[in-house]
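Data block below; observations after.
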Amino acid sequence: MTQYDFKAIEAKWQTYWTQHNSFAAEPVSDKPKFYVLDMFPYPSGSGLHVGHPLGYIASDIVARFRLHQGYNVLHPMGFDAFGLPAEQFAIETGQHPAKTTEENIQSFLKQLNRIGLAHSPDSKDVKTCDPEYYRWTQWIFLEIFNSWYNLDTDKAEPIDSLTDRFEKGGSDSANAYHSYEGSFTAADWRHMSDQEQHKILLDYRLAYNAYSEVNWCPALGTVLANDEVVNGVSERGGHPVIRRPMRQWAFRMRAYADRLLAGLDKIQWSEPIKEQQRNWIGRSEGANFHFQVEGSSQTIEVFSTRPDTIFGASFMVLAPEHPLIEELVTESQRAEVEAYVEWSRNRTEVERQQEKNITGKFIGAYAVHPFIEGKKIPIWTADYVLWGYGTGAIMAVPAGDSRDYAFAQHFNLEIPAIFEGVDINEGAYESKTEGILVNSAFLDGLTFKKALKKAITAIEEKGIGKGTVNYRLRDPNFSRQRYWGEPFPIVYRDGIPYGMDPSELPLRLPEVETYQPSGDGQGPLANIKEWINLPDGGVRESNTMPGYAGSSWYFLRYFDVYNKETFTDPVKEKYWMNVDLYIGGSEHAVGHLLYARLWTKILYDLGHISHDEPFQRLVNQGMIQGRSNLIYRVRDTDIYVSKGLIDQYEEVDPIHIPIAFADREDVLDIEKLKDWRKEFSEAEYILEDGRFLADWQVEKMSKRHHNVVNPDQICEMYGADTLRLYEMFLGPLEDAKPWSMQGIEGAHRFLRKTWNLFVTEDGTPKVTDGEGSKDELRILHQTIGKVQSDIDQLSFNTSVAQFMKFLNEVQRLKTSKRSILEPFLICLSPFAPHFAEEIWERLGHTESIVRAKWPTYIEEHTKVSTVTYPIQVNGKMKITLEVGAGLSKDQIEKDVLSRKEVTALLQGRSLRKVIVVPGRIVNLVV
RNA sequence: GCCGGGAUGGCGGAACUGGUAGACGCGUUGGACUUAAAAUCCAAUUCCCAGUAAUGGGAGUGCGGGUUCGAUUCCCGCUCCCGGUACCA
């Protein structure tokens with residue numbers, strides 16, 4: 001008596017695969033390679049959640065399929081191990097993040113192993129927090145630090161080639177992407193001190209120091225991520241947060257903007273993702289030009305993509321951070337303007353742009369229109385203009401821009417009409433293809449393209465500006481005031497940063513006594529004086545690198561995990577790169593994916609790798625969402641209110657709490673909440689009907705939202721193969737879907753029935769010999785074809801449905817032929833590998849199914865055949881007759897009406913098209 | 001706000017380039033087996049109306065329009081949900 005004992009089977013084959021090293025790739029081989037990669041996980045304390053396996057199973061199916069096809073497959077899985085949660089946990093408990101992280105990794109590995117993923121065994125040792133790994137992250141940072149961007153060759157070069165130029169020809173000898181504002185001759189350069197030279201070089205290096213704004217929470221003494229700030233207070237504890245500038249590292253990413261755009265054309269990513277990257281980079285052509293301020297020597301520089309609409313400019317807007325406000329504001333407006341600037345300073349960009357209320361202040365000053373004699377333009381400040389984009393100042397053209405229009409209407413400002421036939425009372429006219437300019441002097445009668453050119457020429461001739469290209473892309477901030485990240489291999493001497501000697505790497509994270517921030521805005525490393533201060537007077541960088549540092553190059557390490565000489569071996573790199581298929585969540589569409597592309601391009605420029613795009617094909621698996629619980633805190637208080645009562649309070653902020661704290665009817669267990677964190681233990685709770693009701697919403701499954709569901713219990717109840725089939729069956733890989741257990745029984749039932757198809761009650765095989773009948777071959781070949789086409793499209797739900805159909809069909813046909821069932825088992829094997837191995841063995845095979853040859857299918861059994869032939873009706877109309885619907889050719893020939901019959905049927909009718917399925921006419925179109 | 005995506009039965013979803021809407025699974029209902037239950041097997045299952053029944057009629061793919069002989073599919077305008085929005089990873 002044997003039944004499908006998934007626990008024993010799965011344990012048995014997982015052990016087998018480990019012992020036989022079944023999934024190790026050959027380092028370099030004559031075989032074609034296939035590199036299939038998952039975005040590596042951050043090992044959070046709550047373990048793997050049911051969303052992770054979705055992508056992992058999909059990539060595993062592809063990896064196993066390629067093995068069946070004879071490829072040398074690399075399918076790795078490492079860990080993105082630096083990050084905020086472990087540090088936060090350390091602050092709360094004193095536990096070292098390294099310890100927490102390692103424990104989490106071990107539990108992740110256990111969970112991953114349980115799902116039966118065909119990962120190359122070495123790859124699990126890629127952990128970004130491992131000194132043997134981050135030593136190379138630091139090394140790459142030094143490479144970036146020690147390079148500059150040559151605009152003539154359009155690539156990064158080592159910094160030495162720049163100093164060579166400076167020595168020979170001064171600052172004009174290099175056409176570099178830089179931020180240096182002066183100039184010097186070769187002789188000047190040679191006479192400079194080492195320190196002076198390094199100071200200048202910092203303006204050229206691809207990694208540089210600059211001031212940028214952060215969310216500073218004085219009460220917590222730490223910098224917060226944007227999503228840790230809710231409505232101007234910290235999510236944790238509700239303390240006020242202010243914006244504050246801080247000296248930090250950044251990359252000159254804008255130098256790569258055009259190449260990052262161009263590279264998108266040669267990789268197979270989905271169009272929406274490419275679109276998001278293009279929009280993120282946000283290349284726009286236009287002009288930078290100056291407006292003279294009335295009664296002042298100052299000018300205001302603006303950037304506009306529509307200088308052609310300059311005759312419609314009726315006011316100007318400066319970002320609240322704009323330094324000229326202080327200088328230009330009139331005394332009568334000063335108090336109001338300063339209050340406004342202070343108010344908007346502490347709002348995040350998202351808040352500022354989300355705001356539906358239109359806000360702004362007139363600063364009292366006027367600018368002079370450069371092309372309209374005697375026209376005065378009032379200068380305003382408003383926070384819909386961002387300091388970080390363009391010049392932080394705009395000329396507002398209400399007739400041509402909807403935000404300007406809304407602003408003008410709200411403050412009752414002039415809206416000059418500049419488009420022919422467009423009623424200015426109806427709103428802004430933003431078309432770039434139509435629209436003829438009027439009331440625009442020399443631009444009258446022109447449309448956008450011509451007018452733009454002419455306007456730029458006029459601006460240049462007048463000497464007030466020039467045509468420019470602007471990017472929305474900002475140089476990304478590369479510093480974090482945290483402990484748990486890569487230390488910078490940087491030493492400051494007299495305030496100038498110097499790179500460490502690469503031979504001194506890794507620069508290890510020192511042990512600290514407390515993970516608390518230093519309180520002055522420096523990271524916790526600043527607390528360790530003996531580490532920060534070197535005996536020779538040098539001072540180390542106290543910041544650490546952000547989460548995306550280690551993840552920007554990990555894919556280069558997987559085929560050379562233990563290399564101590566270099567970050568990756570060039571021969572292996574050439575063989576394995578680039579990644580054939582990269583699978584991960586679409587939430588990384590712009591962040592990680594753009595940084596990884598940037599690092600790849602820099603490493604390519606510097607000659608370290610042979611490919612300049614890392615990921616040839618990218619597929620974004622849709623998120624499996626979780627159901628989160630929320631409770632409401634009355635703003636600026638310690639009072640929490642039950643869901644039904646929130647209307648009685650002016651403003652409440654939603655706070656996420658763990659899903660386990662509320663029952664099915666959303667009643668909150670307040671005691672659990674109080675035990676959870678101290679901020680809740682002393683808070684006040686306002687109940688309704690004697691209960692406290694939590695709210696809920698569907699959103700991303702993440703530790704932050706405390707809504708994580710763990711897959712272990714599913715493996716426990718149904719087994720990994722059921723989990724794998726079920727997750728694939730849930731829906732298309734790329735769609736988002738909320739997690740649900742409904743229907744998992746069906747997947748399990750399918751495996752049990754399939755088991756009984758192959759094996760008798762006493763465990764012996766049931767299969768018989770003989771060739772398949774037509775019907776049997778058809779369902780088999782349809783199944784093979786379906787799986788193959790689904791592998792290309794990375795959408796497996798219909799494959800699983802096809803397996804179930806196969807089962808129904810062979811049961812109906814009472815099929816037991818080995819020639820039908822064995823090929824089916826190979827098709828099923830990537831989806832339910834343990835199950836397939838076990839049956840395979842029972843069928844008498846001595847070799848593992850993992851490398852069994854993929855079955856071929858015969859086209860005539862699978863192809864949808866369509867017979868289309870034109871028919872003349874009433875001498876004139878052409879008619880197409882379509883036949884088919886997933887039938888084999890012979891069936892069509894048998895069932896379909898003959899051409900003569902159809903023609904007879906159509907006699908005397910004025911029809912255009914006839915749609916026919918076998919044997920009957922379905923739709924006669926009149 | 002801006003950028004990207006989505007919406008189809010009670011539920012997850014299927015429908016290849018505009019041509020039988022609802023494959024496959026879950027759930028539900030009825031039946032078989034059983035002393036009974038579980039498991040298993042068989043059948044029905046978009047909704048509404050009529051009929052004892054076979055069956056017949058009507059509506060139907062988020063909302064409002066449009067193109068077409070024909071629209072889940074293409075176009076225009078909305079609503080709601082999800083992801084990103086630069087320090088979550």
Side-chain angles (χ1 to χ4, degrees), chain A residues 39-44 80 82-85 88 212 214-215 223-229 248 270-280 282 348-356 384 388 402-403 472-482 546-548 551 585-592 594-595 620 622-623 625 697-700 702-705 725-726 729-732 734-738 740-747 749-750 752-753 756 789 793 797-798 800-805 807-808 811 864 882 885-886 910-917 920 922-926:
Chain A
M39 289 183 185
F40 63 170
Y42 173 79
S44 86
D80 185 15
F82 276 130
L84 205 45
Q88 206 50 252
S212 58
V214 295
N215 302 311
V223 176
L224 296 176
N226 277 339
D227 63 333
E228 295 176 295
V229 183
Q248 304 182 79
S270 72
E271 218 27 68
I273 295 289
K274 288 186 184 181
E275 196 59 23
Q276 280 189 69
Q277 292 220 342
R278 288 192 191 105
N279 290 333
W280 185 260
T348 64
E349 269 181 29
V350 175
E351 279 174 340
R352 283 165 59 163
Q353 288 178 81
Q354 241 164 16
E355 184 61 64
K356 286 188 182 125
Y384 78 95
S402 54
R403 287 161 308 175
R472 205 184 74 93
L473 182 74
R474 296 205 290 260
D475 285 351
N477 182 339
F478 196 64
S479 287
R480 300 293 181 264
Q481 292 69 42
R482 312 267 184 211
Y548 69 83
S551 62
S586 60
E587 69 272 26
H588 299 284
V590 287
H592 157 64
L594 210 49
Y595 299 134
N620 285 117
M623 202 154 308
Q625 290 147 342
Q697 68 186 70
V698 169
E699 63 189 339
K700 189 159 114 177
S702 92
K703 191 176 180 192
R704 170 166 302 279
H705 298 143
L725 278 169
Y726 179 61
F729 188 59
L730 266 179
E734 304 195 47
D735 286 5
K737 37 204 169 268
S740 153
M741 283 287 278
Q742 275 197 19
I744 194 160
E745 291 279 357
R749 221 168 277 161
F750 162 77
R752 280 211 309 264
K753 289 185 199 172
N756 293 328
S789 69
Q793 287 161 32
N797 53 330
T798 49
V800 180
Q802 182 66 36
F803 292 148
M804 292 172 175
K805 249 188 245 184
L807 176 71
N808 292 342
Q811 280 184 338
V864 175
E882 292 177 9
S910 61
L911 303 177
R912 283 226 208 142
K913 203 172 180 185
V914 187
I915 295 142
V916 179
V917 297
R920 70 197 164 105
V922 167
N923 194 4
L924 293 174
V925 179
V926 185

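Just so it is clear: chains get the letters A, B, ... in the order the sequence lines come, proteins before strands, and each one is counted from 1. Keep in mind that what you see is a predicted model, and the values were worked out from it rather than measured. Basis for what follows: all heavy atoms, side chains included, without hydrogens, waters or symmetry-related copies.
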Between the base of B:C87 and the side chain of A:Q248, is there a donor and acceptor pair under 3.5 angstrom? yes
If we take the P atom in both B:C78 and B:C16, what is their distance in whole Å? 29 Å
So does A:S551 get a backbone contact from the side chain of A:D80, meaning a donor-acceptor N/O pair under 3.5 Å? no
Where the side chain of A:M804 is defined as all heavy atoms beyond and including C-beta, which of B:C24, B:G84, B:A15 is the nearest nucleotide? B:C24
Over all atoms of both residues, closest heavy-atom pair of A:H705 and A:K700: ND1-O, 3.0 Å
So A:H592, base contact, sugar-phosphate only, or nothing? Heavy-atom distance under 4.0 Å. nothing
For the C1' atoms, the ones on B:U8 and on B:G60, what distance do you get once it is rounded to whole angstrom? 10 Å
Taking only the side-chain nitrogens and oxygens of A:R752, find out if one of them lies under 4.0 Å from OP1 or OP2 of B:U40. yes
When the C1' atoms of B:G13 and B:C26 are considered, how many whole Å apart are they? 11 Å
Between A:P546 and A:F478, which heavy-atom pair has the shortest distance, and what is it? CD-O, 3.0 Å
Decide, for B:G9, between syn and anti: a glycosidic angle within 90° of 0 counts as syn, anything else as anti. syn
Looking at A:M741 and A:Y726, what are the two nearest heavy atoms and their distance? C-OH, 3.8 Å
Scan A:N808 against the nucleic acid and name what it touches under 4.0 Å (heavy atoms): base, sugar-phosphate only, or nothing. sugar-phosphate
Minimum-distance pair of heavy atoms, taken over all atoms of A:N477 and A:S212: ND2-OG, 3.5 Å
For the side chain of A:A801, starting at C-beta, report the closest nucleotide among B:C87, B:G4, B:C24. B:C24
When you compare B:U29 with B:A38, how far apart are their P atoms, in angstrom units rounded to a whole number? 12 Å
If you look at every strand shown and take non-hydrogen atoms under 4.0 Å, does A:V223 touch a base, only sugar-phosphate, or nothing? base
Tell me which of A:P272 and A:H705 sits closer to the 5' end of RNA chain B, going by the nucleotide each one is nearest to. A:P272
When you check the gap from the basic side-chain N to the acidic O, do A:R278 and A:E271 get nearer than 4.0 Å? yes
Should we count CZ of A:R472 as having more than 12 external heavy atoms under 6.0 Å? yes
Would you kindly check whether a donor in the side chain of A:E275 faces an acceptor in the base of B:C3, or vice versa, at under 3.5 angstrom? no
Whole-Å P distance, B:U34 and B:A15: 43 Å
Got a donor-acceptor contact below 3.5 angstrom from the A:K753 side chain to the A:M804 backbone? no
Compare the minimum distances between each of B:A86, B:G83, B:C87 and the side chain of A:L473, then state the nucleotide with the smallest one. B:A86
P spacing across the pair B:G57 / B:A7, given as an integer number of angstrom: 32 Å
Counting only side-chain heavy atoms from C-beta out, which of B:C24, B:A14, B:C88 sits nearest to A:A225? B:C88
Out of B:G4, B:G12, B:C41, which has the shortest distance to the side chain of A:L730? B:G12
Closest contact, heavy atoms only, A:L725 versus A:F803: CD2-CD1, 4.4 Å
How would you label the contact of A:D80 with the nucleic acid (heavy atoms, under 4.0 Å): base, sugar-phosphate, or nothing? sugar-phosphate
Which is true for A:R403 with a 4.0 Å heavy-atom rule: it touches a base, it touches only sugar-phosphate, or it touches nothing? nothing
Interatomic distance, A:Q276 CD vs B:G6 P [rounded to whole Å]: 12 Å
Do the side chain of A:K700 and the base of B:C88 come within less than 3.5 angstrom through a donor-acceptor pair of N or O atoms? yes
Scan A:P41 against the nucleic acid and name what it touches under 4.0 Å (heavy atoms): base, sugar-phosphate only, or nothing. nothing
Counting just side-chain N and O atoms, does A:R749 come under 4.0 Å of either OP1 or OP2 of B:U40? yes
Taking the minimum atom-to-atom distance to the side chain of A:Q481, which one of B:A86, B:A89, B:C87 wins? B:C87
With the side chain defined as heavy atoms from C-beta on, A:R482 is closest, among B:G13, B:C88, B:C87, to B:C87
Measure from the side chain of A:F729, starting at C-beta and using heavy atoms only, and say which of B:U40, B:G25, B:G84 lies closest. B:G25
What is the minimum heavy-atom distance between A:V223 and A:R482, and which atoms define it? O-NH2, 3.1 Å
From the options B:C88, B:C3, B:G13, select the nucleotide whose nearest atom is closest to the side chain of A:N279. B:C3
Select from A:I744 and A:G731 the residue whose nearest nucleotide in RNA chain B is closer to the 5' end of that strand. A:G731
What nucleic acid atoms does A:S479 come within less than 4.0 Å of, heavy atoms only: base, sugar-phosphate, or nothing? base
Are OP1 or OP2 of B:C88 and a side-chain N or O of A:N226 less than 4.0 angstrom apart? no
By the 4.0 Å heavy-atom rule, please label A:S740 as base, sugar-phosphate, or nothing. nothing
What pattern of brackets, bars and dots sums up RNA chain B from 5' to 3', given Watson-Crick or G-U wobble pairs under 3.5 Å, [ ] for crossing pairs and | for another strand? (((((((..(((......[....)))((((((.......))))))(((((....)))))..(((((..]....))))))))))))....
Have a look at A:R472 and say if it touches a base, only the backbone sugar-phosphate, or nothing, with a 4.0 Å heavy-atom cut-off. base
What integer number of Å spans the C1' atoms of B:A71 and B:U17? 14 Å
Which part of the nucleic acid, if any, lies within contact of A:G83, taking any heavy atom under 4.0 Å across all strands shown: a base, the sugar-phosphate backbone alone, or nothing? sugar-phosphate
Identify whether any heavy atom of A:V214 sits under 4.0 Å from a base atom; if not, whether one sits that close to sugar-phosphate; answer base, sugar-phosphate or nothing. base
What distance, rounded to whole Å, do you find between the two C1' atoms, one in B:G12 and one in B:C48? 25 Å
